[in-house]
Number of protein chains: 2
Amino acid sequence: MTTLNKRDTIVSSALELFAERGFDATTVPMIATSANVGAGTIYRYFENKEVLVNTLFQEYVGTFMKTIEEGFPYHESIRDQFHHLFKNMILFTNQHEHALYFIRKHSAGHFLDEQSREDFTQLLELFSTFFDEGKEKNEIRNLPSKALIAILYGAFLELQNLIRAGELEPSPELSSGVEESLWDSVRRHT
Amino acid sequence: MTTLNKRDTIVSSALELFAERGFDATTVPMIATSANVGAGTIYRYFENKEVLVNTLFQEYVGTFMKTIEEGFPYHESIRDQFHHLFKNMILFTNQHEHALYFIRKHSAGHFLDEQSREDFTQLLELFSTFFDEGKEKNEIRNLPSKALIAILYGAFLELQNLIRAGELEPSPELSSGVEESLWDSVRRHT
DNA sequence: AAGATAGGAATGAATGTTCATTCCGCATGA
DNA sequence: TCATGCGGAATGAACATTCATTCCTATCTT
């Protein structure tokens, strides 16, 4: 591990614990131990546990959105856009092993503040826009975009979870197989 | 509500609260209030909070399995078997609004006992068997069964969640559209 | 039939535990 | 020596669980 400063150590430990056990089952002393800092130190960087989880949430939702928007092929075919989406979802999970799972597990949390909820909505809208355009072009199945997002997002994250748990080995074949499967689930069949 | 006995009132209140907020964020007094009983009464029926959640978990996983196995068309086509699966997943969620979501949210919980984990594994095996047979017959996509389950289960539950949250109106068209989408995600395309 | 009594069921205030948060003394470096 | 960053014991609040007490209902007794 390239020596991180304390804040980043805390963030990274908290992310993993929150992803694994959830916000409510993760205690501040637990985070402190895992990050090799005193419990009090966490409060030098974050006002309280809720601020910590909201900061994490916003940071990672933001990074995820950037990862997806980066180089998005707006003018290519819907299929190519889908490929970009899928590829970058995988890229993001490779760079931040626990982040997507953390986001899903907490995206309806009772502790999320206004900003976090707004950020999450924006993320969903990004996908919505893609599906709406695809439906207009008759390349995407005629289902509510919310439903299409749920299918894509739900399936992808459940898979991610399996991989995180070590129950499924990641491989290029698996990736492309899953991409095909998910594309078939959202595309319009002729 | 056909007057329930106290145990059932407690079970039903706990189910809803656990599904909504999760085990760790749900307090026993909360359950008591929602069930209109004294906090102590809960302990007349369940040894403690963990026993309560494990009882719930096993009860609903068992009912879910029965719902799926009931009248399963072992000798019909894979497509018909899939239809049965899907139809009964919907049936189950209609009969037990919060149950599937509760199961998903808690299926990796740190408080689950051996029995609960075993029951859940059995449930997954039921789906596994179906997919394995379908692959043998070349009707199901060549992906690990675990992955196919994740896709089906993840997508279905994310949708269910949307409906529970009132963000999507259930309707026969939606159901059949989703069934088609999910079938396309797991079937082998020629 | 009315009153008395027993015993199981239910209650919620009291208890001990666990947690988030604070606070004060220590260490490091300028 | 002073200032800054840290640690972890101390604190108070919230929680799960217990238990002394009350309530209810069914069965007796007269």
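Side chains are part of it too, since the values below use all heavy atoms of this structure and drop only hydrogens, waters and symmetry mates. In what follows, chains are A, B, ... by sequence order, proteins preceding strands, each numbered from 1.
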Exercise for review: Take the protein atom CZ of R21(A) and the nucleotide atom C1' of dT18(C), then report the distance between them rounded to whole Å.
Suggested key: 13 Å
Exercise for review: Please examine the side chains of N88(A) and F72(A), heavy atoms only from C-beta on, and report whether any two atoms are closer than 4.5 Å.
Suggested key: no
Point to revise | L152(B) CG to F82(B) CZ distance, which is reported to the nearest 0.5 Å | key: 5.0 Å
Point to revise | Gap between atoms CZ and C1', on F46(B) and dA10(C) respectively (whole Å) | key: 15 Å
Check your understanding: What distance separates L85(B) CG from D80(B) CG, expressed to the nearest 0.5 Å?
Key -> 11.5 Å
Point to revise | Rounded distance (Å) that lies between atom P of dC15(D) and atom CG of L17(B) | key: 13 Å
**Study point:** Residues in side-chain hydrogen bond (donor to acceptor under 3.5 Å, both in side chains) contact with S145(B), at least two apart in sequence or another chain
**Key:** D132(B), K135(B)
Check your understanding: Does the separation of the ring centres of F23(A) and F111(A) fall below 6.0 angstrom?
Key -> yes
For nucleotides 14-16 of chain C, give me every protein contact, N/O to N/O, under 3.5 Å, one pair per line with atom names.
none

Review point. K66(B): what forms a side-chain contact (heavy atoms from CB on, under 4.5 Å) with it, not counting sequence neighbours?
Key: none
Review point. Which part of the nucleic acid, if any, lies within contact of T26(B), taking any heavy atom under 4.0 Å across all strands shown: a base, the sugar-phosphate backbone alone, or nothing?
Key: sugar-phosphate
Exercise for review: Any pair with a residue in residues 159-173 of chain B that passes salt bridge (Lys or Arg N to Asp or Glu O under 4.0 Å), sequence neighbours left out, goes on the list, sorted by first then second residue, please.
Suggested key: K146(A)-E167(B), E20(B)-R164(B)
Practice item. Classify every nucleotide of nucleotides 25-30 of chain C by which part a protein heavy atom approaches to under 4.0 Å, writing B for the base, S for the sugar-phosphate alone and - for neither, in 5'-to-3' order. Key: ------
**Study point:** salt bridge (charged side-chain N to carboxylate O under 4.0 Å, His left out) against R141(B), all qualifying residues, sequence neighbours excluded
**Key:** E180(A), D184(A)
Revision key, fill the gap. To the nearest angstrom, the CD1-P distance between I31(A) and dT18(C) comes to 19 Å
Check your understanding: Of all residues at least two apart in sequence or in a different chain, which pass the salt bridge (charged side-chain N to carboxylate O under 4.0 Å, His left out) check with R79(A)?
Key -> E179(A)
Could you list the protein-to-nucleotides 6-8 of chain D atom pairs, N/O on both sides, closer than 3.5 Å?
{"unit_1": "dC6(D)", "atom_1": "OP2", "unit_2": "Y45(A)", "atom_2": "OH", "d": "2.9"}
{"unit_1": "dG7(D)", "atom_1": "OP2", "unit_2": "G38(A)", "atom_2": "N", "d": "3.2"}
{"unit_1": "dG7(D)", "atom_1": "OP2", "unit_2": "T41(A)", "atom_2": "OG1", "d": "2.6"}
{"unit_1": "dG8(D)", "atom_1": "N7", "unit_2": "G40(A)", "atom_2": "N", "d": "3.2"}
{"unit_1": "dG8(D)", "atom_1": "O6", "unit_2": "G40(A)", "atom_2": "N", "d": "3.4"}

Review point. What residues form a side-chain hydrogen bond (donor to acceptor under 3.5 Å, both in side chains) with Q160(B), not counting sequence neighbours?
Key: none
What side-chain donor-acceptor pairs closer than 3.5 Å can you find for residues 89-96 of chain A, not counting sequence neighbours?
{"unit_1": "T93(A)", "atom_1": "OG1", "unit_2": "M89(A)", "atom_2": "O", "d": "3.4"}
{"unit_1": "T93(A)", "atom_1": "OG1", "unit_2": "I90(A)", "atom_2": "O", "d": "2.8"}

Check your understanding: Could you state the OH-C1' distance from Y43(B) to dT18(D), rounded to the nearest angstrom?
Key -> 9 Å
Review point. What parts of residues 105-113 of chain B reach DNA chain D, counting only heavy atoms under 4.0 Å away?
Key: none
Check your understanding: Of the nucleotides dT21(C), dT17(D), dC19(C), which one has an atom closest to the side chain of V28(B)?
Key -> dT17(D)
Check your understanding: What is the distance from NZ of K49(B) to C1' of dT17(D), rounded to the nearest Å?
Key -> 12 Å
Practice item. With K105(B) as the cation and F18(B) as the aromatic partner, state whether NZ or CZ is under 6.0 Å from the six-membered ring centre and within 45° of the axis. Key: no
Check your understanding: For atom NE2 of H75(B), is the number of surrounding heavy atoms from other residues, nucleotides or ligands below 6.0 Å larger than 12?
Key -> no
**Study point:** Atom pair distance, as rounded to whole Å: CD1 in I42(B) and P in dA16(D)
**Key:** 10 Å
Revision key, fill the gap. R7(A) meets the salt bridge (charged side-chain N to carboxylate O under 4.0 Å, His left out) criterion, sequence neighbours left out, with E59(A)
Review point. Rounding to a whole Å, what distance do you find between E47(A):CD and dT21(C):C1'?
Key: 11 Å
